[in-house]
Amino acid sequence: MLFIVLFLLLIPVSVIAYFYYQIFEKHKDRKRIAFDEEYEKIRAQNYPPAFPNGWFNLCSSDMVEKGKVIEVEAFGQKLAVFRGEDGKVGVVDVYCPHLNANLADGKVVGNNLVCPFHAWEFGKDGKCKHVPYSDKVPNASTACWIVKENWGLILVWYHAQKALPTWDTEGYLTEMSDFKYHGKTTDILRIHLQDFAENGADHAHFAYVHNLMTIPFVEHIIDVKHTLEIVFLEGKEKHMAYFTDIASLVWKKSQKEIPRAGGHAKVTYFGPGFLVFQFTTEIGNVLLIKTFTPLGPLKLRMDDYVYAPKGTFKLAIKYLLREASAQFHDDIAIWEKKNYAERPVLVKGDGPIMKMRAWYSQFYGENEGVKDSAIVEESLLSTAENNN
Ligand code: FES
Ligand SMILES: [Fe+2]
């Protein structure tokens, strides 16, 4: 009798364990491919510049405590990020102008950064403030970066021609006070930032790449249908764009919608460096601040900072993140092996890819290889519009 009871119990436990493994564990890590560094250099030549202009995340605020300095890699160089006793963050190029020691190996004294080699002191403006063995302070400095701290992130302004910021990061996501932080994930991707942005405008790939859910067997009875829209803002907020995806679940056979089963994703792009992804479903909502820090040509760091409204079930958060990352991993598998189609052949149903490129071109300098795209855009857009 006991044996039968145990056996009967084992069935649901095994089923739950199977589904848990399939949904949460089996494809947790995306497929990694080996990269030929030499070929990557050739692939990168076809793409627009590796570092578009904008605000970029260097690291989380909590990674730089008061009186501490860390080294961060970004934009093909190394930066020293330090926090003075006044609580404010300074970011400077890592090499000391004296004899090029690494300032990130130094220490913070007061609000200055002290070089580990001969103890020259530098302020947050990058200028030398003190030399311990000389009465005179030399006119020496290391480049300093424009810094902001928002949403628990240390952001710097990158501009290829060193122009000042054209937009601000403040005033957004004020509703975050109702959200709880649930940690972050980090990944290194071999992609160009622009390919990510084009994702929202490339409507045709959704039906092929994002048509499955992570729940086993479901694909045999349910289809995912995407209704997509992208809006490019203008004027003072022209650095922003909104992308929305209403993902409905329909029965495969009848194509009838399953009520209250889908999800609604809203992505707000803030320039090329970061976006906010809000995923709203019947089982809960999650909000990701997704940041991209370009490290070099076709190489960037992606950080996902996870938030959910207070009181959201942990398993619901876990499942929604799993669905979101599974979709994203499918994209990455393509982006990491693709090239840049400067003159794509577009047809009806492709989505506003060239409008996205035109919007994105504001993040490059005038002579940075986007003119060809603009010419192609006009001819192809008119063709696509005629087809519509
Ligand atoms: S190298 Fe920095 S003080 Fe000499
Ligand atoms: Fe995609």
Side-chain angles (χ1 to χ4, degrees), residues 26-50 52 185-214 219 223-230 241 243-245 247 263 265 267 269 272-275 277 279 288 290-304 321-357 359-360 373 376-377 380 384:
K26 193 175 172 197
H27 300 296
K28 197 161 70 180
D29 295 319
R30 65 182 180 87
K31 268 192 206 134
R32 311 256 160 197
I33 52 173
F35 289 95
D36 173 345
E37 293 295 334
E38 288 310 307
Y39 184 72
E40 285 299 284
K41 282 182 201 155
I42 296 167
R43 192 167 75 100
Q45 284 169 8
N46 295 317
Y47 274 88
T185 57
T186 295
D187 200 352
I188 303 291
L189 312 180
R190 305 302 302 250
I191 69 168
H192 191 282
L193 272 167
Q194 190 173 313
D195 273 339
F196 178 79
E198 284 187 20
N199 179 69
D202 175 358
H203 290 178
H205 87 290
F206 278 82
Y208 291 94
V209 179
H210 304 306
N211 58 342
L212 296 180
M213 296 168 72
T214 56
E219 76 259 29
D223 277 339
V224 185
K225 284 256 150 72
H226 297 274
T227 309
L228 309 157
E229 192 188 11
I230 190 155
F243 163 67
T244 50
D245 173 9
V267 179
Y269 296 86
F274 61 100
L275 55 90
F277 178 101
F279 199 24
L288 295 182
K290 195 182 260 304
T291 69
F292 297 105
T293 310
L295 305 178
L298 299 185
K299 188 174 180 189
L300 56 92
R301 195 188 82 218
M302 180 183 78
D303 295 301
D304 280 355
L321 289 176
R322 179 71 199 95
E323 283 292 351
S325 70
Q327 307 286 336
F328 196 59
H329 289 172
D330 291 339
D331 279 323
I332 295 168
I334 290 170
W335 297 336
E336 287 195 325
K337 296 183 84 172
K338 74 182 280 295
N339 211 324
Y340 182 66
E342 194 173 316
R343 292 172 181 271
V345 180
L346 300 179
V347 296
K348 184 180 175 183
D350 268 322
I353 292 172
M354 301 315 280
K355 274 187 186 157
M356 168 54 91
R357 288 193 180 181
W359 174 78
Y360 206 89
S373 294
V376 176
E377 175 208 343
L380 284 179

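None of the values given here were measured: they were computed from a predicted structure. Counting begins at 1 with the first residue of the sequence.
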| Among L300, D331, L298, the one residue meeting side chain to side chain contact (heavy atoms under 4.5 Å, CB included) with I191 | L300
| query | Can you find a pair of side-chain heavy atoms, one from M356 and one from I230, that are under 4.5 Å apart? | reply | yes
| message | Within the structure provided, determine whether Y360 and E198 are in side-chain contact (heavy-atom separation under 4.5 Å). | response | no
| Given D304 and L321, is the side-chain contact (heavy atoms from CB on, under 4.5 Å) satisfied, shown in steps? | CA-CA 10 Å; D304 280 355; L321 289 176; over 6 Å; no
| Separation between NE2 of H203 and CD1 of I353, rounded to the nearest 0.5 Å | 8.5 Å
| query | Can you find a heavy atom in the side chain of Q45 that is under 4.5 Å from one in the side chain of P297? | reply | no
| Value rounded to 0.5 Å, distance of OG1 in T227 from CZ in F206 | 11.0 Å
| said: We want to know whether Q194 and Y340 form a side-chain donor-acceptor pair, criterion being a heavy-atom distance below 3.5 angstrom. | reply: yes
| message | Quick one, R190 with W335, criterion side-chain contact (heavy atoms from CB on, under 4.5 Å). Give me CA distance, side-chain angles, the key distance, then yes/no. | response | CA-CA 8 Å; R190 305 302 302 250; W335 297 336; over 6 Å; no
| Which heavy atom in A50 sits nearest to a heavy atom in P294, and how many Å separate them? | O-CB, 3.9 Å
| Flag side-chain contact, heavy atom, 4.5 Å: M302 against T186 | no
| Do T244 and L228 have side-chain heavy atoms sitting under 4.5 Å apart? | no
| Do you see a donor-acceptor pair shorter than 3.5 Å between the side chains of Y47 and N339? | no
| field | Heavy-atom side-chain contact between H192 and F292 under 4.5 Å | value | no
| Can you tell me how far the CG atom of L288 sits from the CZ atom of F277, to the nearest 0.5 Å? | 6.0 Å
| said: Between F196 and L193, is there a side-chain heavy-atom distance shorter than 4.5 Å? | reply: no
| query | Under a 4.0 Å N-O cut-off, is there an ion pair linking R32 with D187? | reply | yes
| task | Take D303 and R301 through the test salt bridge (Lys or Arg N to Asp or Glu O under 4.0 Å) and record every step on the way to the result. | result | CA-CA 7 Å; D303 295 301; R301 195 188 82 218; 2.8 Å; yes
| message | Quick check: do H205 and N199 have side-chain heavy atoms less than 4.5 Å from each other? | response | yes
| field | Note: R357-E342 ion pair, threshold 4.0 Å (strictly below) | value | no
| Which is it for V267 and Y269 under the side-chain contact (heavy atoms from CB on, under 4.5 Å) test, yes or no, and what are the steps along the way? | CA-CA 6 Å; V267 179; Y269 296 86; 4.1 Å; yes
| task | Could you grab the distance from atom CG of D195 to atom CD1 of I332, nearest 0.5 Å is fine? | result | 11.5 Å
| request: Might you confirm whether atom NZ of K299 has over 12 heavy atoms from other residues, nucleotides or ligands at distances under 6.0 Å? | output: no
| message | Treating R43 as the side-chain partner and K338 as the backbone partner, does any N or O pair qualify as donor plus acceptor under 3.5 Å? | response | yes
